[in-house]
Amino acid sequence: MKRLREILPNAVSRVVGNTDREIKDIVLDSRRVGIDSMFIAMPGTRVDGHEFISVAIHAGAGAIVCQHLPEQIEDHVTYIQVENVPQTLGYINQKFFDNPSRKTNLVGVTGTNGKTTIATLLYQLFTRLGYKAGLISTIEIRVGDRQQEASHTTPDNITLNRLLAVMVEEGCDYVFMEVSSHALEQQRVAGLHYAGAVFTNLTHDHLDYHGTFQAYLNAKKKLFDVLDKQAFALINIDDKHGTVMVQNTKAKVLTYSLLRPADIKGKIIQNSIEGLQLQINRQNVFTRLTGRYNASNLLAVYGSAIELGQGAEEVLTAISALHPAKGRFEVVIDPALGKTAVVDYAHTPDALEKVLQAMREVRQPGGKIITVVGCGGNRDKAKRPVMAKVSALLSDQIVFTSDNPRDEEPDAILADMWAGLDEGDRQGAFRITDRHEAIRIAWQLAKAGDIVLIAGKGHETYQEIKGKRYPFDDKAEIQALISQA
């Protein structure tokens, strides 16, 4: 609870009403307003919070933050008019929750692929080093050992600050957070203070939202633009967009690379389905993660840990004990039949290419790669034929199937993917709408030494169809097929 005058930002256009009043909570949803709440009239493309100001006041809101004042002014309510509600909310939350991001070491991870893996591995690593850590990721939120499911890659600003405040209260020394392009563009992370930020890579994704690749890049870059000179900015210079990210940053810039000289230089000594033998800055380490892209992710983990003051030897020892994030190159082996399945969240052309390349590098001589893949509905349609073509180029056999069709017809999504193939690619390829049946057929097609990739859903335990979520778990599907054999 705070006095309103204590949490008001400097950039206020107009205040109507009493600022010497108590604020018990800050809310975005008028349905959650209680007595003495501050209601944030968040503008939006589909729903504008300004339309619900009267509802919030009727429910007991004592203060309203808005970009334009309503026609009807209530005497018992305080109105705070600002030019930019999302940005202002960030600074209000910092004051209301006592600046939690400044009381822990918050590291943001952004990029198209690798965010979940890097954030999760950093959480694992610092936990192994004896620290209490927090994690905010696509898969889960963790406060020390306590876990809860995540609904968005990056939560809204109120939820985020409330989470950080809980993490600080419970003694988390470090917090590792995925920062999505949507969150940056929508200013969900406005006002946060970072100890450091990591850039992984930038490839084709979310153009349905951002419109152009340049707009997508600009959104990601915002994370590095707000870093102060005490923070670090760790960038992957194997991606050509890495240096663009830090053009205007005040932070200390560090680089990591598998291909060229860098502050954190990696070299793959051996790569197998069991894991990677790596050299990081001339020191060897074995890890249970597989594939070149995971080698790159591990460089980001190592570099971040060193910048956060940890010793190289201790970090490398901890890295050797890390395990993949759920649904990220999760390996399931049938020892009796000698077949292997890999469950991976790959849902962009680049991610799919990387995971298939990793499988080609570790498959047994003569072993085939069979790919089960689909594309989500209500999302970027341009990537569908591209993902189909990537699958055809790098797989020995493909089974196209439904992912999360959402409000679209699954067969229409498959038709968009099919259009990306030439006649040669289509020979021997399957289109099986039912995902359960598609996985079963792919597993039946596999022989000893083959690897079946089940791509697109990874950690998700549901299929979203026409507004409803139905239980579905790719890993559980494979495990059931193995147990039935």
Side-chain angles (χ1 to χ4, degrees), residues 29 46 112-117 119-120 135-142 146-156 159 163 178 180 182-183 205-206 208-209 323-332 341-348 351-352 355 371-381 383-384 387 391 399-414 416-417 430-443 452-484:
D29 189 336
R46 290 185 297 176
T112 305
N113 302 308
K115 297 187 298 295
T116 300
T117 293
T120 303
L135 172 66
I136 302 172
S137 81
T138 302
I139 299 175
E140 61 183 349
I141 292 166
R142 282 189 173 270
R146 185 156 52 82
Q147 176 189 9
Q148 64 187 72
E149 286 189 11
S151 58
H152 295 85
T153 300
T154 313
D156 68 76
T159 303
L163 271 171
E178 291 185 53
S180 69
H182 291 73
D205 199 19
H206 299 309
D208 55 318
Y209 176 79
H323 54 82
K326 185 178 180 182
R328 269 58 174 181
F329 211 96
E330 276 199 279
V331 177
V332 182
V342 171
V343 176
D344 195 272
Y345 188 56
H347 62 288
T348 67
L352 186 61
V355 75
T371 298
V372 180
V373 65
C375 286
N378 298 44
R379 297 294 188 269
D380 187 358
K381 292 186 178 184
K383 70 182 181 183
R384 294 173 185 175
M387 288 185 67
S391 302
V399 182
F400 294 109
T401 191
S402 183
D403 190 286
N404 287 322
R406 298 183 177 89
D407 296 325
E408 289 193 62
E409 290 300 323
D411 289 338
I413 297 172
L414 293 180
D416 287 342
M417 297 185 76
F430 292 83
R431 289 167 66 175
I432 304 172
T433 306
D434 185 292
R435 193 172 180 91
H436 169 83
E437 185 64 11
I439 292 171
R440 188 186 69 81
I441 292 295
W443 193 244
V452 176
L453 170 64
I454 308 171
K457 290 176 60 59
H459 64 281
E460 294 176 350
T461 55
Y462 61 84
Q463 264 195 302
E464 190 174 339
I465 304 169
K466 302 295 183 184
K468 293 185 178 181
R469 288 188 173 186
Y470 299 89
F472 198 96
D473 186 326
D474 286 347
K475 186 176 178 181
E477 291 286 319
I478 279 292
Q479 289 171 330
L481 289 168
I482 292 173
S483 65
Q484 293 165 12

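Fair warning: this is a prediction, and the values are worked out from it, not measured in the lab.
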Note, Met387 side chain near Val373 side chain (heavy atom, < 4.5 Å): yes
Salt bridge flag under 4.0 Å for residues Glu460 and Lys326: no
For the student: nearest non-hydrogen atoms of Ile478 and Ala341, plus distance: CG2-CB, 3.8 Å
Heavy-atom closest pair, residues Ala442 and Val372: CB-CG2, 3.4 Å
Minimum side-chain heavy-atom gap Arg435-Glu477 below 4.5 Å: no
Non-hydrogen atoms of Pro324 and Phe329 that approach each other most closely: CG-O, 4.3 Å
Euclidean distance, Asp344 CG relative to Arg328 CZ, rounded to 0.5 Å: 7.5 Å
Heavy-atom closest pair, residues Thr112 and Lys115: O-NZ, 3.2 Å
Test item: Arg384 side-chain N/O and Gly376 main-chain N/O as donor-acceptor pair under 3.5 Å: yes
Atom pair CD1/CG of Ile413 and Asn378 - distance to nearest 0.5 Å: 7.5 Å
Contact summary for Ala119 and Glu178, nearest pair of heavy atoms: CB-CG, 4.3 Å
His459 side chain reached by Glu140 side chain, heavy atoms, under 4.5 Å: no
For the student: nearest non-hydrogen atoms of Ser402 and Pro410, plus distance: OG-CB, 4.0 Å
Donor-acceptor contact present, side-chain Lys383 to main-chain His347, <3.5 Å: yes
Pairwise distance CD(Glu408) to CZ(Arg379) - rounded to 0.5 angstrom: 10.0 Å
N/O donor-acceptor pair under 3.5 Å between Lys466 side chain and Pro405 backbone: no
From CD (Gln463) to CZ (Arg406), nearest 0.5 Å: 10.5 Å
Value rounded to 0.5 Å, distance of CG in Leu414 from CZ in Phe430: 14.0 Å
Polar side-chain atom of Thr117 near backbone of Gly114 as donor-acceptor pair, under 3.5 Å: no
N/O donor-acceptor pair under 3.5 Å between Glu464 side chain and Asn404 backbone: no
Main-chain N/O of Arg142 paired to Gln147 side chain as donor or acceptor, under 3.5 Å: no
Beyond-backbone contact of Asp416 with Cys375, side-chain heavy atoms, under 4.5 angstrom: no
Straight-line distance of Thr120 OG1 to Ile139 CD1, nearest 0.5 Å: 5.0 Å
Positive for side-chain contact (heavy atoms from CB on, under 4.5 Å) with Thr371, one of Val399, Leu453, Val342, Ile454: Leu453
Residue pair Phe472 / Asp474, side-chain heavy-atom distance below 4.5 Å: yes
Short side-chain to backbone donor-acceptor contact, Thr401 and Ile432, under 3.5 Å: yes
